[in-house]
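Note that the structure is predicted; figures quoted are calculated from it, not measured. One-based numbering, in listed order, for ligands and for the atoms of each.
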Amino acid sequence: MRILLVHGPNLSQLGTRDPAVYGTATLDDVVEAARSEAAAAGAQLEHVQTEHEGELVARLHAARTDGTDAVIVNAGAWTHYSYAVRDALELLEVPKVELHLSNIHAREEFRARSVLAAVCDGSIVGLGIAGYPLAVRAVCSLVAERGG
Ligand code: DQA
């Protein structure tokens, strides 16, 4: 079982980026939280973070044929307006979970809308670093449900 975890722009700055909103965990910390849950479930986790939209789109395209079994996506601000990321996710037939550290529904109005939500199986928002192992468990059970 291979899980792809992708992060979009500015998430490289976790730890020092607005800790009141995002907490003090670094990107390495949240990836490690996901990786150890994946290992406990007997799954492998690959992580990609990029500040470049096309790079994320290309990685999602590759996931169509490289043996990826599930995707967890925190697309940062692209969540709210990137139809390119949306379309790339839509092409992927494996289970997909959208993830956000902060509660996007309790912040600025523009964050309440996700253009990715409708092409993902579900979303986990507002739980900080605790959302990462939950997202891993969610994709593992979705893969199992689909006979994976
Ligand atoms: C975020 C929420 C987005 O609105 C924001 O642009 C981010 C982080 C989150 O994890 O809470 O970069 O995706």
List in chain and number order the residues that pass side chain to side chain contact (heavy atoms under 4.5 Å, CB included) with Glu109, two or more places apart in sequence or in another chain; answer none if no residue qualifies.
none
For Arg107, the side-chain hydrogen bond (donor to acceptor under 3.5 Å, both in side chains) test, sequence neighbours excluded, returns Tyr22, Ser102
Could you give the N/O to N/O pairs under 3.5 Å linking ligand 1 and the protein, each with its distance?
{"residue": "ligand 1", "atom": "4 (O)", "partner": "His80", "partner atom": "NE2", "Å": "2.6"}
{"residue": "ligand 1", "atom": "4 (O)", "partner": "Arg111", "partner atom": "NH1", "Å": "2.8"}
{"residue": "ligand 1", "atom": "6 (O)", "partner": "Ala77", "partner atom": "N", "Å": "3.1"}
{"residue": "ligand 1", "atom": "6 (O)", "partner": "Arg111", "partner atom": "NH1", "Å": "3.0"}
{"residue": "ligand 1", "atom": "10 (O)", "partner": "Asn74", "partner atom": "ND2", "Å": "2.9"}
{"residue": "ligand 1", "atom": "10 (O)", "partner": "Leu101", "partner atom": "N", "Å": "2.8"}
{"residue": "ligand 1", "atom": "11 (O)", "partner": "Leu101", "partner atom": "N", "Å": "3.3"}
{"residue": "ligand 1", "atom": "11 (O)", "partner": "Ser102", "partner atom": "N", "Å": "2.9"}
{"residue": "ligand 1", "atom": "11 (O)", "partner": "Ser102", "partner atom": "OG", "Å": "2.6"}
{"residue": "ligand 1", "atom": "12 (O)", "partner": "Arg17", "partner atom": "NH1", "Å": "3.0"}
{"residue": "ligand 1", "atom": "12 (O)", "partner": "Arg17", "partner atom": "NH2", "Å": "3.1"}
{"residue": "ligand 1", "atom": "13 (O)", "partner": "Asn74", "partner atom": "OD1", "Å": "2.8"}
{"residue": "ligand 1", "atom": "13 (O)", "partner": "His100", "partner atom": "ND1", "Å": "2.8"}

Relative to each other, are the rings of His100 and His80 parallel, tilted or perpendicular (30° and 60° limits)?
parallel
Provide the full list of salt bridge (charged side-chain N to carboxylate O under 4.0 Å, His left out) pairs with a residue in residues 43-57, sequence neighbours left out, each pair given once.
Glu46-Arg59
Going by side-chain contact (heavy atoms from CB on, under 4.5 Å), Cys120 matches just one of Val73, Leu92, Val97, Ile72. Which one?
Val73
Pair Asp66, Thr68: side-chain N/O donor-acceptor within cut-off below 3.5 Å:
yes
